[in-house]
Colleague: 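Can you keep this structure in mind? I'll have questions shortly.
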Amino acid sequence: MKLRITPHSAPPLWDIRQLGAGDVVVLVDGYEQRPDWVRYAHAMSIAIRRGVDIERVRGNSGESE
């Protein structure tokens, strides 16, 4: 599964916490400006321990760095 976190939208925190090996969280530029970013960072730390990969993307183009 691939979930995106953008400045204006994000999946439910529970969905991120449930991800595992083979899943990906895509961080779109500006993600850290979300008022709830700290909660998402914590959820991602749980997911990373379960084997999730993280990608950063510039803009909404879908091109990975």
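Given the structure is predicted, the values throughout are model-derived calculations rather than measurements. Values reported hereafter were calculated over all heavy atoms of this structure, with side chains retained and with hydrogens, waters and symmetry mates removed.
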Colleague: Are the side chains of Arg56 and Tyr31 in touch, meaning some heavy atoms are under 4.5 Å apart?
Modeller: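 The answer is yes; the side chains approach within 4.5 Å.
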Colleague: Can you tell if the side chain of Val25 reaches within under 4.5 Å of the side chain of Ile5, non-hydrogen atoms only?
Modeller: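 Contact flag for Val25/Ile5 side chains = yes.
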Colleague: Show me the donor-acceptor pairs, under 3.5 Å and distance only, between side chains in residues 41-49 and residues at least two apart or in other chains.
Modeller:
from: Ser45; atom 1: OG; to: His42; atom 2: O; distance (Å): 2.6

Colleague: Consider only side-chain heavy atoms of I, L, V, M, F, W and Y, link residues closer than 4.5 Å, and tell whether Ile16 and Val28 are in one cluster.
Modeller: no
Colleague: So do Val52 and Val24 actually touch side chain to side chain, heavy atoms under 4.5 Å?
Modeller: no
Colleague: For the pair Arg34 (side chain) and Thr6 (backbone), establish whether a donor and an acceptor sit closer than 3.5 Å, ignoring hydrogens and angles.
Modeller: yes
Colleague: Does the pair Asp23/Arg50 count as a salt bridge with the N-to-O cut at 4.0 Å?
Modeller: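 No, Asp23 and Arg50 are not salt-bridged.
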Colleague: CG of Asp15 to CE of Met1: how many Å apart, nearest 0.5 Å?
Modeller: 7.0 Å
Colleague: Any side-chain heavy-atom pair from Leu3 and Leu19 closer than 4.5 angstrom?
Modeller: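 Leu3 vs Leu19: side chains touch.
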